[in-house]
2 protein chains.
Amino acid sequence: MPKIVDAEARRQEVVQAVFRIIASDGLERASLREVADEAGLAVGSVRHYFSSSDELLVFSFGAVIDRIADRLEAAMSAVEAKSPGSPEQQAAVLNLLGQVLPLDEELAVDACVWMAFRHAARIKPVLAAEAARSHRTVAAVVGRLIMLLSPGEADAHQTLVTEAERLLATMDGLCMHALLQPEWMTAEMCSDVLTAHLRSLGAVPTVR
Amino acid sequence: MPKIVDAEARRQEVVQAVFRIIASDGLERASLREVADEAGLAVGSVRHYFSSSDELLVFSFGAVIDRIADRLEAAMSAVEAKSPGSPEQQAAVLNLLGQVLPLDEELAVDACVWMAFRHAARIKPVLAAEAARSHRTVAAVVGRLIMLLSPGEADAHQTLVTEAERLLATMDGLCMHALLQPEWMTAEMCSDVLTAHLRSLGAVPTVR
DNA sequence: TATTTTTTAGCACGAACGTGCTTCAACACC
DNA sequence: GGTGTTGAAGCACGTTCGTGCTAAAAAATA
């Protein structure tokens, strides 16, 4: 009966428009009118697929989380496939951590959008649930990575948690600086910092 | 001739209102009307002291940068007054790094406002100059700290820069997590992570 | 071809925004 | 005690926002 349109594909197109607007003009400019223009649609059309502005934003937040989570999961599998301590594993780990950094234009858009939504979630309660999911998802991957890289010591649970949070903080800090001060935080500086951090992981394995 | 009013004090009161609004409702809610209400003034009065909305925001950004810079400078002096390697110095360093974290309500407001302005500066060109100043100021303090804590090796300039950026990233990441996920990133977790980071500084002193 | 249902487009309303401009009140000075 | 400068207040205009609601267009089915 209807015009044959893949609803899910349309929603993804709209979400991509949201991403582009957030990356270039910020989340507060991602209004229905701006999104509709960017997607080449009318406001009524966008509202046909997303019943409200909030629903569009929450869906877009979830979409970027899924994108990042998928990339991290794939990169984590690659890490686990390498032999422990090998240079190949080291490279795979750097690749994994680089998935959340704006190292190319596509990654930069995701990083921008991800940051914008997480900060917006502090204020907008509708985004809180997705923000918590985002944190849990990434923390789980980083936790597995820390367990993999920490020599033995399955008992020192406290150390593992602290080291996971430490790596998580460094990753988000690097992402922030690469987005906000790209002149100072270049891609190779990111790589140097991450390498130094990984060296510090191996060098301070046990508590105290 | 005029009504006797300390203009600078009035400006500071308005700025404090801006801070409270940003901390509780976000930067985008810091409109002239909201700020005037929060300060107990009329829109026209606020505009008497700040000729435009942009000027108010830029001035407020500068104010929070100055607050943080002053605290860091004072804490840095305290660090330099302690004997190198002593537990007192260790405590002073932790205190220094804690100045940018939301460890109490006053610090939390500053951290919120600081983060909000830095992220807004990516989009709003009027804030770019202050954002650069913010980065330079904090980076200078952290650079001095790294030089103070790094054993010898005045030659390895690359290592010092990398370690400064690494500490800077960790600080901002911790600040982010403490603001956005306070359930996970508690004050003691911040302390644990910073302590682990400082241990990693001493443990991996030289390049390679 | 006629019908039915989805998709697309658009209008209208109230609210909030920044800002130019005008008006009122208050106080220091001659 | 006038008087003029300045702080405080507010109106008005044009924009933009979300959203409820209506109307046209398009395509698969009868």
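Residue numbers begin at 1 in each chain, while the letters A, B, ... track the order of the sequences.
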What's the [atom1]-[atom2] distance between [X] and [N], to the nearest Å?
X      : N       : atom1 : atom2 : value
D37(A) : dA9(C)  : CG    : C1'   : 13 Å
F50(B) : dG7(D)  : CZ    : C1'   : 15 Å
R11(B) : dG7(D)  : CZ    : P     : 12 Å
E55(B) : dT19(C) : CD    : C1'   : 14 Å
R10(B) : dT6(D)  : CZ    : P     : 17 Å
L41(A) : dA24(D) : CG    : C1'   : 17 Å
E28(B) : dA16(C) : CD    : C1'   : 14 Å
L57(A) : dC17(D) : CG    : C1'   : 13 Å

Indicate, yes or no, whether a donor-acceptor pair under 3.5 Å links the base of dG10(C) to the side chain of R47(A).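 Per atom types, no contact qualifies.
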Check if the side chain of R33(A) and the base of dG18(D) share a donor-acceptor pair of N or O atoms closer than 3.5 Å.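 Counting by modelled atom types and ignoring angles, a donor-acceptor contact under 3.5 Å is found here.
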As a quick check of understanding, evaluate side-chain hydrogen bond (donor to acceptor under 3.5 Å, both in side chains) for T159(A) and E163(A), giving each step before the final call. CA-CA 6 Å; T159(A) 302; E163(A) 285 303 314; over 6 Å; no
Is there a side-chain polar atom (N or O) of [X] under 4.0 Å from OP1 or OP2 of [N]?
X      : N       : result
H48(A) : dT7(C)  : yes
S31(B) : dA16(C) : no
S45(A) : dT7(C)  : no

Between atom OG1 of T170(B) and atom CG of L198(B), what is the distance when rounded to the nearest 0.5 Å?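 Those atoms lie 10.0 Å apart.
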Spacing of CG belonging to L97(B) relative to CD belonging to Q99(B), to within rounding of 0.5 Å: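 Here the rounded value is 9.5 Å.
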Nearest to the side chain of Y49(A), which nucleotide is it out of dT7(C), dA9(C), dA9(D)?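 Nucleotide nearest to Y49(A)'s side chain: dT7(C).
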Which of the following nucleotides, dA9(C), dT19(D), dA9(D), is nearest to the side chain of L32(A)?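 Out of dA9(C), dT19(D), dA9(D), the nucleotide with an atom closest to L32(A)'s side chain is dT19(D).
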W114(B): which of V109(B), I22(B), V138(B) passes side chain to side chain contact (heavy atoms under 4.5 Å, CB included):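 For W114(B), the side chain to side chain contact (heavy atoms under 4.5 Å, CB included) check succeeds only for V138(B).
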Got more than 12 heavy atoms from elsewhere within 6.0 Å of CD, E80(A)?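 For E80(A), atom CD is crowded (more than 12 foreign heavy atoms under 6.0 Å).
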